[in-house]
Amino acid sequence: MSSLLSLGLPAILAATPGPSADRAAIEDTIRHYFRSGDENLASELEIAFHPTLGMYWVGKDGLVQELDRHAWAERLRSATTRQPARVRRIASVDVGGDAAVARLHSEFTTHEFDDFVSLLRVGGRWRIVLKVFHRREPGDPPLPAQTRVDAERQEIREVLARMFQAMNQGDGARLGPLALARAQTYGVDGGDLVAVSVPGWQARLDQARAQGKVRPSAREVDWVEVASDVAVARMTHGQGAERIVGYGSLLKVADGGWKLIGLVYGRP
């Protein structure tokens, strides 16, 4: 608990069932998401996604676009035709206590999507709280070579290393340039979702430093997955009973490279 307070993040209380039960429940949530798009069912969308959902992507102009759950549901309700996907695939799921991330792939007749969805177990049920995606259409440039992907991963690791420095030093100002203004952190406290804005996170870091409560901790980037201009990374903070897993979602924007758009945290 104290290590979370030193991060300036909400406390996370986890009651973790077995990994196989978690994965099955997460896949069930994702199937509701898939069904909502294939059948234009806002009710299925509202089962899969938490009301605070943030969905983000990078437009053709390199600027960040967003859509909330309410606007997305209204689009489904007003749709006059259906366009079900030809392919829906859950490529991977990674679980860290009450937090998880899944990589999804969908193919349609005119385009395809790669999603990274971040989930939290809220009120005992897995809900998607954050989604970033990349859309590909015919005529888009070819996918980057592996060397470029590896370079992107390294750039993301460097962004996260600077975030770790801000945490370990209680330096809110250092955190600011690494994240988009609309970014949020998400955790679970007593079964309820708690979201903290970047300015709120910065203030907590600065307060911890002012009160002498900053506790530098071991922090590692476990892995990074990239899909063109969106990415997700798994991080581990602390050790033993204070170990925390975080999943960071990032966007590559035209005017600043890779930026954090959201983090979800769970205690394994």
Side-chain angles (χ1 to χ4, degrees), residues 3-12 49-59 62-69 96 98-99 101 116-120 122 128-133 155-189 192-211 213-217 219 221 224 229-237 244-266:
S3 64
L4 280 169
L5 295 176
S6 69
L7 298 183
L9 293 170
I12 298 170
F49 290 89
H50 193 273
T52 60
L53 165 74
M55 180 170 71
Y56 305 96
W57 66 100
V58 179
L63 301 179
V64 177
Q65 308 294 316
E66 66 179 298
L67 189 70
D68 62 26
R69 194 189 77 165
D98 276 341
V101 69
F116 294 120
V117 295
S118 300
L119 303 96
L120 287 172
V122 182
I128 300 169
V129 299
L130 176 66
K131 169 184 167 176
V132 298
F133 72 88
E155 290 175 19
I156 290 167
R157 286 179 177 273
E158 291 169 2
V159 169
L160 298 176
R162 294 196 291 273
M163 183 186 76
F164 293 165
Q165 290 173 351
M167 291 177 170
N168 282 338
Q169 296 173 13
D171 190 342
R174 179 170 288 191
L175 178 68
L178 307 176
L180 293 164
R182 66 197 81 184
Q184 300 266 355
T185 71
Y186 301 89
V188 177
D189 186 359
D192 296 326
L193 182 144
V194 178
V196 177
S197 67
V198 168
W201 188 9
Q202 291 176 283
R204 292 183 183 205
L205 289 174
D206 292 338
Q207 182 181 37
R209 182 177 59 182
Q211 296 176 347
K213 295 181 179 179
V214 174
R215 292 176 53 194
S217 177
R219 308 183 197 278
V221 179
V224 179
D229 50 16
V230 300
V232 68
R234 174 182 162 125
M235 297 158 281
T236 302
H237 304 264
I244 300 162
V245 171
Y247 300 101
S249 297
L250 303 97
L251 303 174
K252 188 172 186 180
V253 296
D255 58 350
W258 288 101
K259 300 284 186 179
L260 288 157
I261 188 62
L263 298 102
V264 298
Y265 282 89

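The basis for the numbers below is simple: all heavy atoms, side chains too, and nothing from hydrogens, waters or symmetry mates.
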Heavy-atom distance under 4.5 Å between the side chains of K259 and L251, does that happen here? no
Spatial distance of atom CG (L63) from atom CG (D255) [nearest 0.5 Å]: 7.0 Å
So which heavy atom on N168 is nearest to which on R215, and how close? OD1-O, 4.4 Å
Heavy-atom side-chain proximity of V64 to L180 below 4.5 angstrom: yes
Please tell me if the side chains of L263 and Y186 come closer than 4.5 Å, counting only heavy atoms from C-beta onward. no
Determine the minimum heavy-atom distance between D206 and A173, stating which atoms define it. OD1-N, 4.4 Å
The test is side chain to side chain contact (heavy atoms under 4.5 Å, CB included); show your working for V188 and V194 and say whether it passes. CA-CA 6 Å; V188 177; V194 178; over 6 Å; no
Test item: side-chain donor near acceptor, Q169 and R209, under 3.5 Å: no
Ring center gap for Y265 and H237 short of 6.0 angstrom: yes
So do the side chains of L175 and L205 get within less than 4.5 Å of each other, counting heavy atoms only? yes
Any side-chain heavy atom of L160 within less than 4.5 Å of one from L260? yes
M55 vs F49, side chain to side chain contact (heavy atoms under 4.5 Å, CB included): CA-CA, chis, key distance, verdict: CA-CA 10 Å; M55 180 170 71; F49 290 89; over 6 Å; no
Check A99 against V264 and note the closest heavy-atom contact, atom names and distance. CB-CG2, 4.2 Å
Mind checking whether L130 and L53 have side chains closer than 4.5 Å, heavy atoms only? no
If you compare all heavy atoms of V101 against all heavy atoms of S118, which two are closest, and at what distance to 0.1 Å? CG2-OG, 4.1 Å
Can you find a pair of side-chain heavy atoms, one from W57 and one from D229, that are under 4.5 Å apart? no
Can you list the steps and then say if V129 with L193 is a side chain to side chain contact (heavy atoms under 4.5 Å, CB included)? CA-CA 9 Å; V129 299; L193 182 144; 3.4 Å; yes
Side chain to side chain, R234 and V245, heavy atoms closer than 4.5 Å: yes
What's the verdict on side chain to side chain contact (heavy atoms under 4.5 Å, CB included) for R219 and M235, showing C-alpha distance, side-chain angles and the deciding distance? CA-CA 7 Å; R219 308 183 197 278; M235 297 158 281; over 6 Å; no
So, taking the atom named NZ in K131 and the one named CG in L119, what distance separates them when rounded to the nearest 0.5 Å? 12.0 Å
